[in-house]
Amino acid sequence: MNAWGKRDDMTVHERDPFNAEPPRSALADSRLTPADTFYSRNHGPVPAADPARWRLEVDGLVDRPLSLSLDELRARWEPTELEVTLQCAGNRRTGLTEVRDIPGETPWGPGAISTGRFRGIRLADVLADARPRPGAAHVAFAAPDVSPLADPPQPYGGSVPLAKALRPEVLLAWSMNGAPLPHVHGAPLRAVVPGWIGARSVKWLTRVTVRSTPSDNYFQAVAYRLPPADPEPGTAASGEGGTPLGPLSLNCAILRPDDRAHLPCGPTPVTGYALAGHGRTVARVDVSGDSGGSWQRADVSAAAGPWVWQHWHTTLDLPRGDVEIVARAWDSAGTAMPESPGRLWNPKGYANTSWPRTRVRCR
Ligand SMILES: Nc1nc2c(c(=O)[nH]1)N[C@H]1C(S)=C(S)[C@@H](COP(=O)(O)O)O[C@H]1N2
Ligand SMILES: [Mo]
């Protein structure tokens, strides 16, 4: 076992803050990602746990502010369970760094994504009891982990619009995959915002604040914003002019065979995941064994819900020599993935949703 109960073959990008992703093939075996395989994304030290003293405060533009212990919170509202795929905005960043270097950002492969079955309460139920006032438009989440990466250093936070916060899929969760939420994943309580970048699913949640404006936390106001295509020099780092990232778009990755693998030629199983976003499902995945010259349709697993990835499988007859496997997906609204990472390149390396490519050597 690695740090934080992770499997030994995790790629640990950083020990502190702890940032690690599983080997891509480990994500191919099951829809739910086991806790020891689940990616881990942190911006500061994992805060010390003190569940007995922990409380959740609900405040801001509300008529009835709340302060609850974990037991009070669990007793007060009806618990619910939902399968959710969490994906970091930096997932597949290495596909963008191949186009042009992205210094200072974690070089995530296709493993900054995982799926859990989360149990908790609906944020909408909590907000209904707190009674948002007129003018309420955003819901901010605050946590105690202080990030030295922020300017100035500050605790991690973020927000979602009230309209998303009120949707039935947005949870405050204390359990994952039928077990207590692991400490590194936000125990005692984390926000789970399905269909949105992982950054908004704030861990170690201590405060929910109803506001008229988005959170002014660094990770909402500066980081996790998509800079405009041709930003003014120097503005990318300040977040200025950028669009805050929220909803995820259709994405796809190849999990098997491994990138740079040496394999026997001939019929070869090829497997990956696709995630639709926007509450849609994945309608189709095509796979090519000749860099996109010809395509064949993969079998796509049925959607377990609108917020969950779908695995796909096919068998390609690979020729001898260097081979590039490519995949492309469509969602249920007919949206296709952009082909080129060059068109998507941005200085922070977010949201690489271009066609995934895997190079293998067949003998
Ligand atoms: N308190 C806190 N919450 C956080 C973060 C963090 O650093 N601190 N990282 C965010 C980001 S960017 C992602 S992608 C997800 C990752 O969740 P995981 O570590 O449980 O996989 O948590 C989000 N919530
Ligand atoms: Mo993230």
Side-chain angles (χ1 to χ4, degrees), residues 3-6 10-14 16-22 27 32-49 54 56 84-93 105-108 110-118 120 140-150 153-160 170-177 179-208 215 217-220 222-226 244-246 248 251 275 309 348-352:
W4 302 108
K6 297 296 167 185
M10 295 291 276
T11 298
V12 178
H13 294 294
E14 262 178 303
D16 191 16
F18 183 62
N19 283 300
E21 68 181 298
L27 293 176
L32 291 186
T33 313
D36 70 348
T37 306
F38 211 99
Y39 83 102
S40 197
R41 173 73 179 115
N42 297 293
H43 298 77
V46 172
W54 178 92
L56 180 72
V84 180
T85 299
L86 292 181
Q87 182 182 212
C88 185
N91 190 34
R92 303 187 57 221
R93 178 174 285 132
E105 298 291 331
T106 311
W108 295 106
I113 184 170
S114 293
T115 300
R117 186 168 178 82
F118 292 93
F141 303 121
D145 52 318
V146 176
S147 172
L149 309 171
Q154 60 196 273
Y156 189 86
S159 64
V160 296
V170 179
L171 307 183
L172 306 182
W174 56 77
S175 146
M176 184 172 96
N177 298 348
L181 186 65
H183 183 55
V184 73
H185 292 296
L189 193 75
R190 81 175 298 170
V192 176
V193 183
W196 282 49
I197 60 164
R200 308 304 177 222
S201 290
V202 174
K203 301 186 277 189
W204 312 292
L205 185 66
T206 50
R207 190 175 295 271
V208 170
S215 165
N217 186 277
Y218 176 85
F219 294 99
Q220 182 75 38
V222 180
Y224 293 108
R225 295 176 86 89
L226 196 63
L245 292 165
L248 294 168
N251 208 348
L275 177 66
W309 63 7
K348 299 277 276 180
Y350 295 135
N352 180 15

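Just so you know, ligand 1 is whichever comes first in the structure, and atom 1 is the first atom listed for that ligand.
Atom 19 (O) of ligand 1 has its closest protein heavy atom at K203 NZ, 2.6 Å. At the top of the distance list for atom 14 (S) of ligand 1, counting protein heavy atoms only, stands Y39 OH, 3.2 Å. Protein heavy atom at the shortest distance from atom 10 (C) of ligand 1 is Y156 OH, 3.5 Å. Protein heavy atom closest to atom 15 (C) of ligand 1, with residue, atom name and distance, is G198 O, 3.5 Å. Ranking the protein heavy atoms by distance from atom 1 (N) of ligand 1 puts D145 OD1, 2.8 Å first. The protein non-hydrogen atom at the shortest distance from atom 9 (N) of ligand 1 is R41 O, 3.3 Å.
The CD atom of E105 sits 12.5 Å away from the NE2 atom of H13 when rounded to the nearest 0.5 Å. The structure places OH of Y156 at 11.0 Å from CZ of F141, a figure rounded to the nearest 0.5 Å.
Residues R190 and L172 have side chains not in contact (no heavy-atom distance under 4.5 Å, counting atoms from C-beta outward). Side-chain contact between T106 and E21 is absent, with no heavy atoms from C-beta onward closer than 4.5 Å. Taking the side chain as every heavy atom from C-beta outward, D16 and P45 approach each other to under 4.5 Å. Two residues are said to be in side-chain contact when any heavy atoms from C-beta on lie closer than 4.5 Å; N251 and R92 meet this criterion. In this structure, Q87 and L275 have side chains that are in contact, with non-hydrogen atoms separated by less than 4.5 Å. Side-chain contact between W309 and L27 is present, with heavy atoms from C-beta onward closer than 4.5 Å. A heavy-atom distance below 4.5 Å is not found between the side chains of V46 and D145.
Only the side chain of A143 comes within contact range of ligand 1, with a heavy atom under 4.0 Å; no backbone atom does. Counting heavy atoms closer than 4.0 Å to ligand 1, residue F219 contributes nothing at all. Neither the backbone nor the side chain of S147 comes within 4.0 Å of ligand 1, counting heavy atoms alone.
Atoms of ligand 1 lying under 4.0 Å from at least one heavy atom of C88, given by number and element, are 14 (S). Near F38, meaning under 4.0 Å from any of its heavy atoms, are these atoms of ligand 1: 21 (O). Near S201, with a cut-off below 4.0 Å to any heavy atom, the atoms of ligand 1 are 22 (O), 23 (C), 24 (N). Ligand 1 places these atoms under 4.0 Å from at least one heavy atom of N42: 7 (O). Under a 4.0 Å criterion applied to the non-hydrogen atoms of W204, ligand 1 contributes the atoms 1 (N), 2 (C), 8 (N). Near Y224, meaning under 4.0 Å from any of its heavy atoms, are these atoms of ligand 1: 12 (S).
Note on ligand 1: R200 sits outside its first shell, no heavy atom being nearer than 4.0 Å.
Taking only nitrogen or oxygen atoms, main chain and side chain alike, Q87 does not reach within less than 3.5 Å of ligand 1.
The aromatic rings of F219 and Y224 sit tilted relative to each other, their planes meeting at an angle between 30° and 60°.
For atom 7 (O) of ligand 1, the nearest non-hydrogen atom from the set H185, H43, R190 comes from H43.
Closest non-hydrogen pair, K6 versus S40, comes out as CE-CB, 4.5 Å.
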